[in-house]
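Structure, as C-alpha coordinates:
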Amino acid sequence: MTSPATSAQRIDGVLLSQQLRSDIAARVQALKARGITPGLAVILVGDNPASQVYVRNKVKGCHDCGFYSVFDKFDADLSEAQLLARISELNNDPAIHGILVQLPVPKHIDANKVIEAISPAKDVDGFHIASAGALMTGMPGFLPCTPYGCMKMLESIGYDLKGKHAVVIGRSNIVGKPMAMLLLQKNATVTICHSGTQNLKALTLQADVVVAAVGKRNVLTADMVKPGAVVLDVGMNRNDEGKLCGDVDYAGVKEVAGFITPVPGGVGPMTITMLLMNTLESAERTR
Ligand code: GUN
(Lines give C-alpha, C1' and ligand atoms only; values in the text may rest on other atoms or scores of the structure.)
Protein backbone atom coordinates (compact mmCIF):
# COMPACT_ATOMS: atom_id res chain seq x y z
CA MET A 1 0.00 0.00 0.00
CA THR A 2 1.38 3.42 -0.85
CA SER A 3 1.28 6.02 1.88
CA PRO A 4 -0.85 9.06 1.12
CA ALA A 5 1.02 12.17 0.01
CA THR A 6 1.47 14.62 2.87
CA SER A 7 0.13 18.08 2.27
CA ALA A 8 2.26 21.21 2.27
CA GLN A 9 3.49 22.95 5.39
CA ARG A 10 1.72 26.24 5.82
CA ILE A 11 3.94 29.31 6.27
CA ASP A 12 1.99 31.34 8.79
CA GLY A 13 2.33 35.07 8.09
CA VAL A 14 0.39 36.00 11.22
CA LEU A 15 2.70 34.06 13.52
CA LEU A 16 5.89 35.27 11.80
CA SER A 17 4.54 38.83 11.92
CA GLN A 18 3.86 38.53 15.63
CA GLN A 19 7.46 37.45 16.23
CA LEU A 20 8.90 40.23 14.08
CA ARG A 21 6.54 42.86 15.50
CA SER A 22 7.51 42.00 19.03
CA ASP A 23 11.18 42.64 18.06
CA ILE A 24 10.09 45.88 16.40
CA ALA A 25 8.15 46.99 19.49
CA ALA A 26 11.22 46.34 21.67
CA ARG A 27 13.41 48.41 19.33
CA VAL A 28 10.79 51.18 19.38
CA GLN A 29 11.01 51.29 23.19
CA ALA A 30 14.81 51.54 23.00
CA LEU A 31 14.51 54.43 20.53
CA LYS A 32 11.88 56.16 22.64
CA ALA A 33 14.25 56.01 25.61
CA ARG A 34 16.52 58.19 23.50
CA GLY A 35 13.70 60.61 22.71
CA ILE A 36 12.83 59.35 19.21
CA THR A 37 9.44 57.89 18.31
CA PRO A 38 9.24 56.33 14.84
CA GLY A 39 6.62 58.22 12.84
CA LEU A 40 4.73 57.06 9.75
CA ALA A 41 2.46 59.21 7.60
CA VAL A 42 -0.18 57.33 5.62
CA ILE A 43 -2.07 59.13 2.88
CA LEU A 44 -5.22 57.82 1.24
CA VAL A 45 -6.91 59.67 -1.59
CA GLY A 46 -10.47 58.62 -2.46
CA ASP A 47 -12.56 55.79 -1.11
CA ASN A 48 -11.35 52.59 -2.78
CA PRO A 49 -12.73 49.98 -0.34
CA ALA A 50 -9.72 47.64 -0.53
CA SER A 51 -7.33 50.56 0.05
CA GLN A 52 -9.36 51.63 3.08
CA VAL A 53 -8.88 48.19 4.63
CA TYR A 54 -5.13 48.12 3.86
CA VAL A 55 -4.61 51.61 5.25
CA ARG A 56 -6.59 50.87 8.40
CA ASN A 57 -4.39 47.83 9.04
CA LYS A 58 -1.22 49.85 8.47
CA VAL A 59 -2.29 52.54 10.94
CA LYS A 60 -3.31 49.87 13.47
CA GLY A 61 0.08 48.15 13.04
CA CYS A 62 1.77 51.48 13.87
CA HIS A 63 -0.33 51.92 16.97
CA ASP A 64 0.27 48.37 18.20
CA CYS A 65 4.06 48.74 17.91
CA GLY A 66 4.19 52.14 19.64
CA PHE A 67 4.78 54.27 16.55
CA TYR A 68 3.52 57.79 16.04
CA SER A 69 1.29 57.88 12.98
CA VAL A 70 -0.50 60.47 10.91
CA PHE A 71 -3.37 59.38 8.72
CA ASP A 72 -4.47 61.83 6.01
CA LYS A 73 -7.66 60.82 4.26
CA PHE A 74 -8.48 63.06 1.31
CA ASP A 75 -11.51 63.16 -0.95
CA ALA A 76 -11.07 61.77 -4.46
CA ASP A 77 -11.13 65.28 -5.95
CA LEU A 78 -7.93 66.36 -4.17
CA SER A 79 -5.69 68.00 -6.77
CA GLU A 80 -2.27 66.67 -7.64
CA ALA A 81 -0.74 69.98 -6.52
CA GLN A 82 -2.43 69.72 -3.12
CA LEU A 83 -1.14 66.19 -2.67
CA LEU A 84 2.40 67.18 -3.67
CA ALA A 85 2.25 70.11 -1.23
CA ARG A 86 1.25 67.77 1.61
CA ILE A 87 4.09 65.39 0.76
CA SER A 88 6.52 68.29 0.82
CA GLU A 89 5.32 69.25 4.33
CA LEU A 90 5.80 65.68 5.52
CA ASN A 91 9.25 65.49 3.90
CA ASN A 92 10.22 68.41 6.13
CA ASP A 93 8.53 67.16 9.30
CA PRO A 94 11.17 65.73 11.69
CA ALA A 95 8.53 63.67 13.54
CA ILE A 96 7.89 61.67 10.35
CA HIS A 97 10.35 58.98 9.29
CA GLY A 98 8.23 57.27 6.65
CA ILE A 99 5.66 58.47 4.10
CA LEU A 100 3.27 56.18 2.29
CA VAL A 101 0.72 57.19 -0.32
CA GLN A 102 -1.66 54.26 -0.79
CA LEU A 103 -1.93 53.23 -4.44
CA PRO A 104 -3.84 53.42 -6.67
CA VAL A 105 -4.43 57.18 -6.64
CA PRO A 106 -7.33 58.68 -8.65
CA LYS A 107 -6.72 58.93 -12.40
CA HIS A 108 -6.19 62.72 -12.46
CA ILE A 109 -3.11 62.28 -10.23
CA ASP A 110 0.15 61.04 -11.73
CA ALA A 111 1.28 58.22 -9.42
CA ASN A 112 4.89 58.44 -10.62
CA LYS A 113 5.05 62.14 -9.77
CA VAL A 114 3.69 61.37 -6.31
CA ILE A 115 6.18 58.56 -5.67
CA GLU A 116 9.11 60.69 -6.83
CA ALA A 117 7.98 63.60 -4.60
CA ILE A 118 8.55 61.51 -1.45
CA SER A 119 12.02 62.03 0.00
CA PRO A 120 14.08 58.86 -0.67
CA ALA A 121 15.08 58.99 3.03
CA LYS A 122 11.39 58.51 3.96
CA ASP A 123 10.42 56.15 1.12
CA VAL A 124 9.39 53.25 3.37
CA ASP A 125 7.33 51.69 0.56
CA GLY A 126 10.55 51.39 -1.47
CA PHE A 127 8.82 52.67 -4.63
CA HIS A 128 11.03 55.72 -5.33
CA ILE A 129 13.31 55.45 -8.33
CA ALA A 130 16.27 55.84 -5.92
CA SER A 131 15.09 52.82 -3.90
CA ALA A 132 14.45 50.78 -7.06
CA GLY A 133 17.88 51.74 -8.40
CA ALA A 134 19.54 50.78 -5.12
CA LEU A 135 17.87 47.38 -5.22
CA MET A 136 18.89 46.87 -8.84
CA THR A 137 22.53 47.70 -8.13
CA GLY A 138 22.87 45.99 -4.75
CA MET A 139 23.15 49.26 -2.78
CA PRO A 140 21.46 49.73 0.60
CA GLY A 141 17.94 51.17 0.38
CA PHE A 142 14.35 50.57 1.40
CA LEU A 143 12.97 47.30 0.05
CA PRO A 144 9.35 47.19 -1.17
CA CYS A 145 7.38 45.69 1.69
CA THR A 146 5.64 42.76 -0.03
CA PRO A 147 8.72 41.21 -1.67
CA TYR A 148 10.69 41.93 1.51
CA GLY A 149 8.02 40.02 3.48
CA CYS A 150 8.19 37.12 1.02
CA MET A 151 11.96 36.90 1.52
CA LYS A 152 11.45 36.85 5.30
CA MET A 153 9.00 33.97 4.85
CA LEU A 154 11.58 32.00 2.86
CA GLU A 155 14.16 32.80 5.53
CA SER A 156 11.77 31.56 8.24
CA ILE A 157 11.75 28.07 6.72
CA GLY A 158 15.53 28.13 6.27
CA TYR A 159 15.21 27.95 2.50
CA ASP A 160 18.48 28.27 0.55
CA LEU A 161 17.73 29.84 -2.83
CA LYS A 162 21.19 29.26 -4.30
CA GLY A 163 20.85 27.54 -7.66
CA LYS A 164 17.09 27.10 -7.30
CA HIS A 165 14.68 28.04 -10.04
CA ALA A 166 12.27 30.73 -8.89
CA VAL A 167 9.32 31.68 -11.07
CA VAL A 168 7.63 35.00 -10.39
CA ILE A 169 4.20 35.42 -11.97
CA GLY A 170 3.53 39.14 -12.37
CA ARG A 171 5.82 42.04 -13.31
CA SER A 172 4.52 44.99 -11.32
CA ASN A 173 6.88 47.62 -9.92
CA ILE A 174 5.40 46.94 -6.46
CA VAL A 175 5.86 43.17 -6.34
CA GLY A 176 6.98 41.21 -9.42
CA LYS A 177 10.06 43.16 -10.49
CA PRO A 178 11.54 43.80 -7.01
CA MET A 179 10.71 40.20 -6.01
CA ALA A 180 12.73 38.92 -8.95
CA MET A 181 15.68 41.13 -7.98
CA LEU A 182 15.66 39.90 -4.38
CA LEU A 183 15.53 36.25 -5.47
CA LEU A 184 18.39 36.93 -7.88
CA GLN A 185 20.39 38.56 -5.08
CA LYS A 186 20.13 35.24 -3.21
CA ASN A 187 21.51 33.40 -6.27
CA ALA A 188 18.29 31.86 -7.55
CA THR A 189 17.77 31.46 -11.29
CA VAL A 190 14.77 33.68 -11.88
CA THR A 191 12.05 33.64 -14.50
CA ILE A 192 9.51 36.47 -14.64
CA CYS A 193 6.19 35.47 -16.20
CA HIS A 194 3.40 37.81 -17.23
CA SER A 195 0.27 38.12 -19.34
CA GLY A 196 2.28 37.62 -22.53
CA THR A 197 4.02 34.46 -21.31
CA GLN A 198 3.45 31.40 -23.46
CA ASN A 199 2.88 28.10 -21.67
CA LEU A 200 3.08 29.31 -18.10
CA LYS A 201 2.52 25.78 -16.84
CA ALA A 202 5.69 24.48 -18.53
CA LEU A 203 7.67 27.10 -16.60
CA THR A 204 5.97 26.74 -13.21
CA LEU A 205 6.38 22.95 -13.39
CA GLN A 206 10.16 23.53 -13.39
CA ALA A 207 10.03 25.91 -10.43
CA ASP A 208 11.40 25.20 -6.96
CA VAL A 209 9.78 28.43 -5.80
CA VAL A 210 6.71 30.11 -7.29
CA VAL A 211 5.58 33.61 -6.33
CA ALA A 212 2.10 34.39 -7.64
CA ALA A 213 1.50 38.15 -7.84
CA VAL A 214 -1.07 38.77 -10.53
CA GLY A 215 -4.29 39.72 -8.74
CA LYS A 216 -6.42 36.99 -10.33
CA ARG A 217 -7.85 33.83 -8.80
CA ASN A 218 -6.55 30.37 -9.74
CA VAL A 219 -3.52 31.63 -11.66
CA LEU A 220 -1.68 28.68 -10.15
CA THR A 221 -3.40 25.29 -9.89
CA ALA A 222 -2.16 21.91 -8.64
CA ASP A 223 -1.32 20.59 -12.12
CA MET A 224 1.15 23.51 -12.56
CA VAL A 225 3.24 22.82 -9.45
CA LYS A 226 6.31 20.59 -9.04
CA PRO A 227 5.95 18.28 -6.02
CA GLY A 228 7.62 19.82 -2.97
CA ALA A 229 7.86 23.36 -4.40
CA VAL A 230 7.52 26.46 -2.22
CA VAL A 231 4.49 28.54 -3.19
CA LEU A 232 4.09 32.14 -2.05
CA ASP A 233 0.70 33.70 -2.77
CA VAL A 234 0.67 37.50 -3.00
CA GLY A 235 -2.86 37.74 -4.43
CA MET A 236 -5.77 39.44 -2.64
CA ASN A 237 -8.97 38.61 -4.44
CA ARG A 238 -12.58 37.79 -3.60
CA ASN A 239 -14.18 34.49 -4.59
CA ASP A 240 -17.80 34.08 -5.73
CA GLU A 241 -18.96 34.01 -2.10
CA GLY A 242 -17.12 37.28 -1.43
CA LYS A 243 -14.45 35.58 0.66
CA LEU A 244 -10.83 36.72 0.51
CA CYS A 245 -8.65 34.46 -1.63
CA GLY A 246 -5.27 34.59 -3.31
CA ASP A 247 -3.96 33.88 -6.81
CA VAL A 248 -3.30 30.24 -5.92
CA ASP A 249 -5.86 27.44 -5.76
CA TYR A 250 -4.89 26.75 -2.16
CA ALA A 251 -6.94 23.57 -1.65
CA GLY A 252 -5.45 21.89 -4.71
CA VAL A 253 -1.89 23.24 -4.57
CA LYS A 254 -1.37 22.39 -0.89
CA GLU A 255 -1.60 18.70 -1.83
CA VAL A 256 1.41 19.04 -4.17
CA ALA A 257 3.61 21.83 -2.75
CA GLY A 258 6.14 21.43 0.07
CA PHE A 259 5.34 24.83 1.59
CA ILE A 260 2.53 27.27 0.91
CA THR A 261 1.31 30.61 2.22
CA PRO A 262 -2.42 30.99 2.91
CA VAL A 263 -4.69 33.92 2.04
CA PRO A 264 -5.65 35.50 4.36
CA GLY A 265 -2.93 35.14 6.97
CA GLY A 266 0.07 34.79 4.69
CA VAL A 267 1.90 37.51 2.79
CA GLY A 268 -0.64 40.25 3.69
CA PRO A 269 0.34 40.69 7.35
CA MET A 270 4.02 40.41 6.39
CA THR A 271 3.67 43.41 4.05
CA ILE A 272 2.57 45.57 6.96
CA THR A 273 5.25 44.14 9.24
CA MET A 274 7.97 45.06 6.76
CA LEU A 275 6.51 48.55 6.42
CA LEU A 276 6.89 48.92 10.19
CA MET A 277 10.44 47.54 9.95
CA ASN A 278 11.36 50.05 7.22
CA THR A 279 9.89 52.91 9.25
CA LEU A 280 11.72 51.80 12.39
CA GLU A 281 15.01 51.56 10.49
CA SER A 282 14.44 55.00 9.00
CA ALA A 283 13.91 56.39 12.51
CA GLU A 284 16.97 54.56 13.84
CA ARG A 285 19.06 56.26 11.15
CA THR A 286 18.16 59.70 12.56
CA ARG A 287 20.05 58.92 15.78
N1 GUN B 1 -1.18 49.34 -3.09
C2 GUN B 1 -1.06 48.00 -3.13
N3 GUN B 1 0.01 47.61 -2.40
C4 GUN B 1 0.57 48.74 -1.91
C5 GUN B 1 1.69 48.98 -1.08
O6 GUN B 1 2.43 48.08 -0.64
N7 GUN B 1 1.93 50.28 -0.79
C8 GUN B 1 1.16 51.28 -1.26
N9 GUN B 1 1.48 52.53 -0.94
N10 GUN B 1 0.11 51.09 -2.04
C11 GUN B 1 -0.18 49.82 -2.35
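When a ligand or atom number is given, it counts from 1 through the structure's own listing order.
Neither the backbone nor the side chain of Met236 comes within 4.0 Å of ligand 1, counting heavy atoms alone. Only the backbone of Val101 comes within contact range of ligand 1, with a heavy atom under 4.0 Å; no side-chain atom does.
Interface of Lys58 with ligand 1, defined as ligand atoms under 4.0 Å from a residue heavy atom, comprises 5 (C), 7 (N), 8 (C). Residue contact check: Leu100 has heavy atoms under 4.0 Å from atoms 9 (N) of ligand 1. Close contacts between ligand 1 and Phe127 involve ligand atoms 5 (C), 6 (O), 7 (N), 8 (C), 9 (N) [criterion: under 4.0 Å to a heavy atom].
From the protein, the heavy atom lying nearest to atom 4 (C) of ligand 1 is Gln102 NE2, 4.0 Å.
Between Arg21 and Asp64 there is no salt bridge, since no side-chain N of the basic residue sits under 4.0 Å from a carboxylate O of the acidic one. With respect to the salt-bridge test (charged N to carboxylate O, under 4.0 angstrom), the residues Asp23 and Arg27 do not qualify. Ionic pairing of Asp247 and Arg217 is not present here: no N-O contact between side-chain nitrogen and carboxylate oxygen is shorter than 4.0 angstrom.
Between the side chains of His108 and Glu80, no donor-acceptor pair of N or O atoms lies under 3.5 Å. Defined by atom type and a distance below 3.5 Å, a donor-acceptor pair is missing between the side-chain atoms of Asp249 and Thr221.
Considering Asp125, Val124, Val267 in turn, Asp125 is the only one that fulfils the side chain to side chain contact (heavy atoms under 4.5 Å, CB included) rule with Cys145.
Proximity annotation for atom 7 (N) of ligand 1: of Thr146, Asp125, Leu103, Asp125 comes nearest, heavy atoms only.
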